[in-house]
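Here the structure comes first, spelled out in structure tokens, and everything after it is commentary.
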Amino acid sequence: MADLKLLVPELNEAEEMGAETARFQELLLQASKELQQAQTSRPESTQIQPQPGFCVKTNSSEGKVFINICHSPSIPPPADMTEDQLLQMLEEDQAGFRIPMSLGEPHAELDAKGQGCTAYDVAVNSDFYRRMQNSDFLRELVITIAREGLEDKYSLQLNPEWRLLRNRPFMGSISQQNIRSRQRPPIQELGNVFTADALRPEGSPEKPHLNLWLEAPDLLLAEIDLPKLDGALGLSLEIGENRLVMGGPQQLYHLDAYIPLRINSDESKAAFHRKRRLMVAMPLLSAPS
């Protein structure tokens with residue numbers, strides 16, 4: 001395994017700059033832009049025209065923000081489960097449930113008073129949208145996940161308070177979006193990630209939850225939940241060609257995970273997220289088939 005001590009200064013620097021300017025988010029934004037530019041020529045990408053659903057109003061430090069919740073049958077639905085099952089899963093592990101959605105680019109609009117505002121289009125599966133219309137719980141869950149997704153993708157800080165617009169299904173116009181035609185499931189659901197410290201004696205460092213997914217054919221992202229930490233001080237991180245090892249301060253956490261992909265450890269970057277998570281971006285030496 002390569003000892004990437006350079007990752008530790010990057011963690012401290014990202015913490016000092018703040019979550020909104022963390023290196024990881026810069027890398028994600030850059031990767032997102034590169035993907036959108038390349039998607040039109042990729043066979044696994046397709047262009048969709050989301051259909052309007054409803055619009056919510058919130059705000060940021062820049063002013064009023066509107067989120068257009070749209071839908072398309074081309075977006076895959078989330079796992080089929082009852083609201084009771086979903087609620088239990090969210091209470092046990094919030095990172096274990098995902099709602100596939102497409103987050104559009106920001107577009108400048110004028111509100112009803114002629115004042116400038118920003119709007120975002122967020123699309124979910126059409127069948128799931130129809131189910132959501134009859135459930136206040138699902139609607140609020142989608143709005144929360146959409147808001148947090150936009151915050152992460154565009155380095156925003158949106159007001160968690162929002163208002164549903166009753167007589168306006170969308171703000172401005174809804175643009176076409178590019179989505180992957182073939183969705184790649186999170187790698188950990190395939191059972192390919194081995195954590196060497198799965199069985200640790202009581203009193204030993206805690207093994208944090210690890211979530212892995214492919215953001216692109218050649219970019220693997222990792223999210224490590226660290227609820228006991230307020231910052232990156234004392235964290236250590238080593239990345240080899242197919243292994244990730246993380247240690248926490250005062251032996252609070254320890255993670256040793258085998259990853260069955262060839263990682264470019266020299267180009268990997270990490271940052272501590274404001275929501276007490278360590279985010280790691282790992283370019284791959286060869287894209288998985």
Side-chain angles (χ1 to χ4, degrees), residues 32 35-36 39-40 42-60 64-87 89-90 94-109 111-112 117-154 156 158-186 189 213-215:
S32 177
L35 281 173
Q36 288 182 351
Q39 273 179 336
T40 55
R42 286 183 175 175
E44 69 268 20
S45 174
T46 186
Q47 195 170 64
I48 65 169
Q49 177 60 61
Q51 299 302 307
F54 61 85
C55 181
V56 296
K57 177 183 177 182
T58 183
N59 61 77
S60 69
K64 285 182 284 189
V65 174
F66 293 86
I67 303 176
N68 296 322
I69 302 296
C70 316
H71 61 92
S72 169
S74 300
I75 296 176
D80 187 17
M81 60 181 64
T82 66
E83 290 190 15
D84 290 339
Q85 292 173 327
L86 176 56
L87 183 59
M89 175 176 285
L90 292 174
Q94 294 187 13
F97 179 79
R98 292 186 179 275
I99 297 178
M101 57 179 60
S102 177
L103 307 178
E105 296 286 334
H107 48 99
E109 302 291 348
D111 64 10
C117 61
T118 303
Y120 296 87
D121 304 331
V122 177
V124 298
N125 173 265
S126 293
D127 289 338
F128 178 72
Y129 174 80
R130 284 187 282 272
R131 179 186 171 193
M132 180 179 60
Q133 283 183 301
N134 299 320
S135 170
D136 292 338
F137 169 71
L138 289 180
R139 181 169 58 245
E140 293 184 10
L141 177 62
V142 167
I143 293 173
T144 298
I145 295 176
R147 176 177 57 80
E148 292 179 350
L150 292 172
E151 288 182 331
D152 288 344
K153 184 174 182 180
Y154 296 111
L156 302 172
L158 297 176
N159 189 337
E161 300 293 328
W162 50 267
R163 180 170 65 88
L164 179 66
L165 302 187
R166 296 296 180 183
N167 300 316
R168 190 163 194 168
F170 61 93
M171 171 62 70
S173 59
I174 299 176
S175 302
Q176 292 183 334
Q177 297 184 17
N178 288 319
I179 64 170
R180 295 192 189 101
S181 300
R182 295 177 294 177
Q183 297 292 321
R184 296 180 176 85
E189 291 186 4
W213 71 96
L214 286 168
E215 177 69 13

What is the ring orientation for Tyr154 with Tyr120, classed by angle as parallel under 30°, tilted 30 to 60°, or perpendicular over 60°? tilted
When Val56, Ile69, Val142, Ile145 are each screened for side chain to side chain contact (heavy atoms under 4.5 Å, CB included) with Val122, the one that passes is Ile69
Check Ile67, Ile143, Asn68 against Phe54 for a side chain to side chain contact (heavy atoms under 4.5 Å, CB included) and give me the one that passes. Ile143
Return the minimal non-hydrogen interatomic distance between Thr118 and Pro106, and the atom names on each side. CG2-CB, 3.9 Å
Look only at the side chain of [X] and the backbone of [Y], and say whether a donor-acceptor pair between them is shorter than 3.5 Å.
X: Gln51; Y: Gln49; answer: yes
X: Ser126; Y: Ser72; answer: yes
X: Asp121; Y: Gly104; answer: no

Within this structure, what is the [atom1]-[atom2] distance for the pair [X] and [Y], rounded to the nearest 0.5 Å?
X: Asn59; Y: Cys117; atom1: CG; atom2: SG; value: 12.0 Å
X: Ile99; Y: Thr144; atom1: CD1; atom2: OG1; value: 9.5 Å
X: Thr46; Y: Gln177; atom1: OG1; atom2: CD; value: 12.0 Å
X: Ser74; Y: Gln47; atom1: OG; atom2: CD; value: 11.0 Å
X: Arg147; Y: Thr58; atom1: CZ; atom2: OG1; value: 7.5 Å

Would you check, one step at a time, whether the test side-chain hydrogen bond (donor to acceptor under 3.5 Å, both in side chains) holds for His107 with Glu105? CA-CA 6 Å; His107 48 99; Glu105 296 286 334; over 6 Å; no
Can you confirm whether [X] sits close enough to [Y] that some side-chain heavy atom of one is under 4.5 Å from a side-chain heavy atom of the other?
X: Met101; Y: Ile75; value: no
X: Pro78; Y: Pro100; value: yes
X: Pro52; Y: Cys70; value: no
X: Leu150; Y: Val65; value: no

If you look only at distance, which donor and acceptor atoms sit under 3.5 Å apart when one is on a side chain in residues 159-174 and the other is two or more places apart or in another chain?
| unit_1 | atom_1 | unit_2 | atom_2 | d |
| --- | --- | --- | --- | --- |
| Asn159 | OD1 | Glu161 | N | 2.9 |
| Arg168 | NE | Phe170 | O | 3.4 |

Assess the residue pair Leu138 and Glu83 against the criterion (side chain to side chain contact (heavy atoms under 4.5 Å, CB included)); give the C-alpha distance rounded to whole Å, side-chain angles, the decisive distance to 0.1 Å, and a yes or no. CA-CA 8 Å; Leu138 289 180; Glu83 290 190 15; 4.2 Å; yes
Does a donor on one side chain sit under 3.5 Å from an acceptor on the other, for Asp127 and His71? no
